[in-house]
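What follows is a short report on a single structure.
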Amino acid sequence: MSHSAHRRTAAAAALALAGLLTAAVPATAAGGPPASAPDSRASAATSPAALAAPDIPLANVKAHLSELQSIAGANGGNRAHGRPGYKASIDYVKAKLDAAGFTTTVQQFTSSGATGYNLIADWPGGDPNQVLMAGAHLDSVSSGPGMNDNGSGSAGVLETALAVSRAQLQPEKHLRFAWWGAEELGLVGSRYYVNNLPSAERSKVSGYLNFDMIGSPNPGYFVYDDDPAIEQTFKDFYAGLGVPTEIETEGDGRSDHASFKNVGIAVGGLFTGASRTKSSAQAQKWGGTAGQAFDRCYHSSCDTTSNINDTALDRNSDAIAHAVWTLSAGSTVPPGDVYEATADVAIPDNGAAVTSSVTVSGRTGNAPATLKVGVDIKHTWRGDLVIDLLAPDGTAYRLKNSSGSDSADNVIATYTVNASSEVANGTWNLRVQDVARYDTGYIDSWQLTF
Ligand code: DTR
Ligand code: ZN
Ligand code: ZN
Ligand code: CA
């Protein structure tokens, strides 16, 4: 489709005057530079928030479990408070963390006439006034090795800490990991830690994430319904997997997050279930066996490494990493945050579509129903242009259709898109195509505003 001849006549006359009578060539956009490689500034336009967490290797988590199982086997069959198996467990975890560059502290306490130990591991760096904690109790009951309860949580937190070291993560917040003693005696170790944490130090703890039984053999996927932002972070992770979750209803007071919650620290966590029975509705959504306990070996000698559901352990270990990476990135990206691409991208005349991208990260949940798309496209006949927004999953939202008669210059406009069905984080693209001969232009810049 070409335009009414008036513009061409003018163009031909200009060329004739210049003695350059050749086939009419599309006027390059006024002042428009040639297409440039993606501008490094474009990447700088992304929000300075969370990087994506790495996948936590299930094999590594299971290797920790195997080690803890061996420790129990070498120490009377358990890793209980006051027994040699517990101190050996502490020594194992501590050695891994020391080798990975953590600053570790063993905090001693007495309970039921025996010495107990908490292991605290600080990752150097981050704002000391914003401390994100993640923890798990390391002790078992005396009747068994305690692989699901709570080798699973201990190993998941340990491997996440080691992943922080592998990544040399430098988040805005300071990261602190903890393995608690004597949880099975009544949350003793974690309570001792909180009670002995000076109030000035307590106020620096922005959140505590608790992981107690995250690999139950007949698993449910329960999220603590405590701090909303923490809860949402876990829910978003599972939404990304397409795995439904339920609110953990019996959690209050039932594990080590209780002492943190009691002093007003934001808490959250994950749980795959203990002696309660999985309902048929839950078996429908999660698989497994209805009418059977989530963990038939709860507090029993059969709580061994074969009492673990690998899928649950894998997913929850990855969820721990997701939460640590996301929540340690500092303040969630404020509303109205703008993500901009500034690289100029030439639009071939009557040719293939071109795209310009922005990367959104550090947000939680989906994009809003009123996602603003601001475009600045220089073009000498804007009726040539078809413009779409492409969501990270490729879904196209039409912003502008071509309209041959619209001969005005440039498209400088803001469109509102209902992107509420799209996950916010990811790479978004502006796609522009010039569908008519003559006149052309370039993408000057564009923005997404959440
Ligand atoms: N008290 C934990 C097991 C447990 C039972 N209910 C919940 C809810 C949330 C976390 C843990 C638990 C133990 O036996 O270690
Ligand atoms: Zn227990
Ligand atoms: Zn437990
Ligand atoms: Ca054209």
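Read the numbers this way: they start at 1 and go in the same order the structure lists the ligands and their atoms. In this text, all values refer to a predicted model and were calculated from it rather than measured experimentally. Below, each value reflects all heavy atoms present in this structure, side chains not excepted, and no hydrogens, waters or symmetry copies.
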- request: Would you mind running through ligand 1 and noting each atom that sits below 4.0 Å from a heavy atom of Ser255?
  value: 10 (C), 11 (C)
- request: Give a yes or no on whether Glu184 keeps an N, O or S atom under 2.8 Å from the Zn ion (ligand 2).
  value: yes
- prompt: Is Asp149 in polar range of ligand 1, meaning some N or O pair under 3.5 Å apart?
  reply: yes
- prompt: Relative to the heavy atoms of Met213, which atoms of ligand 1 are at a distance of less than 4.0 Å?
  reply: 3 (C)
- request: Just jot down the ligand 1 atoms closer than 4.0 angstrom to any heavy atom of Glu183, in number order.
  value: 1 (N), 2 (C), 13 (C), 15 (O)
query: Does a sphere of radius 6.0 Å around NZ in Lys96 hold more than 12 heavy atoms from other residues, nucleotides or ligands, not counting ones at 6.0 Å or beyond?
result: no
query: Does NZ or CZ of Lys400 come closer than 6.0 Å to the centre of the six-membered ring of Tyr415, within 45° of the ring's axis?
result: no
query: Is there any N or O on Glu248 that sits under 3.5 Å from an N or O of ligand 1?
result: no
- request: Check whether any N, O or S atom of His299, backbone or side chain, sits closer than 2.8 Å to the Zn ion (ligand 2).
  value: yes
field: Those atoms of ligand 1 less than 4.0 Å from some heavy atom in His137
entry: 15 (O)
- request: In plain terms, say whether Lys378 and Asp444 are close enough for a salt bridge, that is, a side-chain N and a carboxylate O under 4.0 Å apart.
  value: yes
statement: For the Zn ion (ligand 3), angle spanned by Asp212 OD1 and Asp149 OD1 (nearest 10°) is 110°
task: Report the residue from Gln108, Gln107, His137 that forms a side-chain hydrogen bond (donor to acceptor under 3.5 Å, both in side chains) with Asn118.
output: Gln107
- prompt: Relative to ligand 1, is Tyr298 under 4.0 angstrom through side chain, backbone, both or neither, heavy atoms considered?
  reply: side chain
- request: Determine, for Arg79 against Asp139, whether the closest basic-nitrogen to carboxylate-oxygen distance falls under 4.0 angstrom.
  value: no
message: Using side-chain heavy atoms (C-beta onward) and a distance below 4.5 Å, is Thr414 in contact with Val373?
response: no
message: Pair Val157, Trp179 - check side-chain contact (heavy atoms from CB on, under 4.5 Å), show working.
response: CA-CA 9 Å; Val157 172; Trp179 291 262; 3.6 Å; yes
Any side-chain heavy-atom pair of Tyr92 and His64 under 4.5 Å: yes
message: With nothing but distance in play, are any N or O atoms of Tyr224 less than 3.5 Å from an N or O of ligand 1?
response: no
